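Both counts, for ligands and for their atoms, begin at 1 and track the order of listing. Computed from a predicted structure; not experimentally measured.
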Amino acid sequence: MKLILLGAPGAGKGTQAQKLVEHYKIPQISTGDLLRAAVKAGTELGKQANEYMTAGKLVPDEVVIGLIEERLKEDDCKDGFILDGFPRTVAQAEKLEEITDIDAVVNIAVDTSILLDRLTGRRTCKECNAMYHLIFNPPKEEGKCDACGGELYQRADDNEETVKSRIETYNESTAPLVDFYRKKGKLKEVDGQGAIDEIFQNILKVLE
Ligand code: AP5
Ligand code: MG
Ligand code: ZN
């Protein structure tokens, strides 16, 4: 099963990807997580990427394509994978077609008006990247990850100004991928509003 999750910032790609990992036993590949790891490690790539991420802009295509190409060669990808946050431009999608065949693309559709609250209230685990929300999906113990006990933090780009820029970037560069994959007959649409588990069940349904 080679899957792509499409959706605006805050649509729930990461949240649903983590549930799909458990269900299908295939890895989640998030370019955002890969880039944040590079920023944290202080590599040259991380330093470059950080400027774009802080501004809510896309990291250049060559950089993320290079990351994905390397990641997909790893052993754990041989039975499939879930791409979360890649591709994000038509150029990235075209390049991906040269690398591998995708089975399905799930578009998690949400109203733009709910995204700001979802993102400014998000908290992420430093250790395992699990996502929480102060109001919509709080951890059992404040500031601590339910799954691994790790410390929760707020992502540097989850502030109001950067979120607005990320949404603009999405509308300009990534939203056209919905049509791109629809024309290829690969698009599955899922309503991204409602309870997290209900959305997950709907994703499984469209993938059957
Ligand atoms: P990335 O990390 O991919 O961020 P994003 O696309 O902006 O998406 P998010 O991770 O913010 O949202 P999500 O859909 O995963 O939502 P989540 O499940 O966490 O990318 C970051 C940056 O890296 C980019 O801006 C760019 O600079 C760069 N980058 C990454 N990939 C790139 C690429 N391919 N090309 C170029 N640049 C790239 O949910 C959000 C919150 O809502 C959570 O708190 C969650 O608990 C809550 N929530 C989830 N579902 C529900 C629900 N149903 N009801 C209520 N709350 C919910
Ligand atoms: Mg995410
Ligand atoms: Zn954790």
Undergrad: Considering residues at least two apart in sequence or located in another chain, which fulfil the side chain to side chain donor-acceptor pair (under 3.5 Å) criterion with D79?
TA: none

Undergrad: What protein heavy atom sits nearest atom 49 (C) of ligand 1, and how far off is it?
TA: T15 OG1, 3.5 Å

Undergrad: Determine, considering heavy atoms only, which of E198, Q193, R166, Q18 sits nearest to atom 25 (O) of ligand 1.
TA: R166

Undergrad: So, 4.0 Å and heavy atoms of G7: is ligand 1 close enough to count as a contact?
TA: no

Undergrad: Do K186 and Y181 form a cation-pi contact, if we require the NZ or CZ to be under 6.0 Å from the six-membered ring centre and within 45 degrees of the ring's axis?
TA: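 No - K186 does not lie over the ring of Y181 by the 6.0 Å and 45° rule.
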
Undergrad: Would D33 count as being in polar contact with ligand 1, using the rule that some N or O on each side must be under 3.5 angstrom apart?
TA: no

Undergrad: Identify the heavy atoms of Y132 and D146 that sit nearest to each other, and give their distance.
TA: OH-N, 2.9 Å

Undergrad: Report, in ascending order of atom number, the atoms of ligand 1 lying under 4.0 Å from any heavy atom of Q92.
TA: 33 (C), 34 (N), 35 (N), 36 (C)

Undergrad: Return the residue, atom name and 0.1 Å-rounded distance of the protein heavy atom closest to atom 24 (C) of ligand 1.
TA: R88 NH2, 3.8 Å

Undergrad: Tell me, please, whether F180 has K184 positioned over its six-membered ring: NZ or CZ under 6.0 Å from the ring centre and within 45 degrees of its axis?
TA: yes

Undergrad: Less than 4.0 angstrom from a charged side-chain N to a carboxylate O is my criterion; do D76 and R71 meet it?
TA: yes

Undergrad: Kindly give the heavy-atom pair with the smallest separation between G85 and T31, and that separation in Å.
TA: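 In terms of heavy atoms, the two residues are closest at O-OG1, 3.0 Å.
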
Undergrad: Any Lys/Arg nitrogen of K95 or E98 sitting under 4.0 Å from an Asp/Glu carboxylate oxygen of the other?
TA: yes

Undergrad: Go through the structure and list residues passing side chain to side chain donor-acceptor pair (under 3.5 Å) with R123, not counting sequence neighbours.
TA: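 R123: no side chain to side chain donor-acceptor pair (under 3.5 Å) contacts found.
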
Undergrad: Identify the protein heavy atom lying closest to atom 4 (O) of ligand 1, giving its residue, its atom name and the separation to 0.1 Å.
TA: R155 NH2, 3.1 Å

Undergrad: Does E160 pair with K164 as a salt bridge, N-O distance under 4.0 Å?
TA: yes

Undergrad: Please work out which of N129, L115, V163, L35 has its closest non-hydrogen atom nearest to atom 28 (C) of ligand 1.
TA: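 Selected option, by shortest heavy-atom distance: L35.
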
Undergrad: For the Zn ion (ligand 3), check which protein N, O or S atoms are under 2.8 Å away and list them.
TA: C125 SG, C128 SG, C145 SG, C148 SG

Undergrad: So, using salt bridge (Lys or Arg N to Asp or Glu O under 4.0 Å) as the criterion, who are the partners of R166 when residues are at least two apart?
TA: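 Once residues adjacent in sequence are excluded, the partners of R166 under the salt bridge (Lys or Arg N to Asp or Glu O under 4.0 Å) criterion are D157, D158.
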
Undergrad: Among all the protein's non-hydrogen atoms, which is closest to atom 9 (P) of ligand 1, and how far away is it?
TA: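 Minimum-distance protein heavy atom for atom 9 (P) of ligand 1 reads R122 NH1, 3.4 Å.
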
